[in-house]
Amino acid sequence: MRLDFTKTEYEQIIQNAGFTDFELEVLGFLRRGWFYEDIATELNCCKDKIGRTARSVKKKIMKVG
């Protein structure tokens, strides 16, 4: 899934997707190309939680886009 949005696209997605604070944080790392393991380490949680959150983020993006 594409995560390299224009500024306008990104702002529209953020406004309309209904992300939680944690989902927004994970999305920021994903947009910068971080791996799930690295995000999990940075946020002090397990890789599985990052994977679940990434799937949720992608579903919400698909609904908006």
Side-chain angles (χ1 to χ4, degrees):
M1 164 177 253
R2 179 177 156 255
L3 291 175
D4 59 333
F5 307 106
T6 65
K7 182 179 179 181
T8 303
E9 290 172 328
Y10 185 68
E11 289 171 355
Q12 179 185 15
I13 289 167
I14 296 302
Q15 288 177 357
N16 298 310
F19 293 124
T20 65
D21 290 341
F22 188 73
E23 287 171 336
L24 283 172
E25 196 167 13
V26 170
L27 176 58
F29 286 110
L30 293 172
R31 288 189 70 218
R32 292 189 298 268
W34 285 45
F35 294 105
Y36 291 0
E37 295 86 1
D38 298 327
I39 298 170
T41 299
E42 183 71 20
L43 298 179
N44 196 29
C45 62
C46 69
K47 183 179 102 173
D48 291 339
K49 181 174 181 175
I50 300 302
R52 287 189 304 272
T53 303
R55 283 190 299 278
S56 176
V57 164
K58 290 173 185 179
K59 285 180 186 177
K60 288 181 179 182
I61 289 171
M62 293 300 292
K63 285 183 182 180
V64 172

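Both backbone and side-chain heavy atoms feed into the values below; hydrogens, waters and symmetry mates do not.
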Undergrad: Do the non-hydrogen side-chain atoms of R31 and L27 ever get within less than 4.5 Å of each other?
TA: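 A side-chain contact exists here, since the closest heavy-atom pair is under 4.5 Å.
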Undergrad: How about F22 and I50: do any of their side-chain heavy atoms sit closer than 4.5 Å?
TA: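 Contact flag for F22/I50 side chains = yes.
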Undergrad: Between atom CD1 of I13 and atom CG of L24, what is the distance when rounded to the nearest 0.5 Å?
TA: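 Going from CD1 on I13 over to CG on L24, the span is 11.5 Å.
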Undergrad: Show which side-chain atoms of residues 14-21 pair as donor or acceptor with protein atoms under 3.5 Å away, not counting sequence neighbours.
TA:
from : atom 1 : to  : atom 2 : distance (Å)
N16  : ND2    : Q12 : O      : 2.9
T20  : OG1    : E23 : N      : 3.0

Undergrad: Can you list, pair by pair, the side-chain donor-acceptor contacts under 3.5 Å of residues 34-46, counting residues two or more places apart and other chains?
TA:
from : atom 1 : to  : atom 2 : distance (Å)
E37  : OE2    : K47 : NZ     : 3.4
T41  : OG1    : E37 : O      : 3.0

Undergrad: Roughly how far, to the nearest 0.5 Å, is CG of L30 from CZ of R32?
TA: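 Spacing of CZ (R32) from CG (L30) equals 9.5 Å.
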Undergrad: So how far is it from K58 NZ to M62 CE, rounded to the nearest 0.5 Å?
TA: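 Answer rounded to 0.5 Å: 11.0 Å.
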Undergrad: Can you see which heavy atom on F5 is nearest to which on Y10, and at what distance?
TA: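 Nearest heavy atoms, F5 then Y10: CB-N, 3.9 Å.
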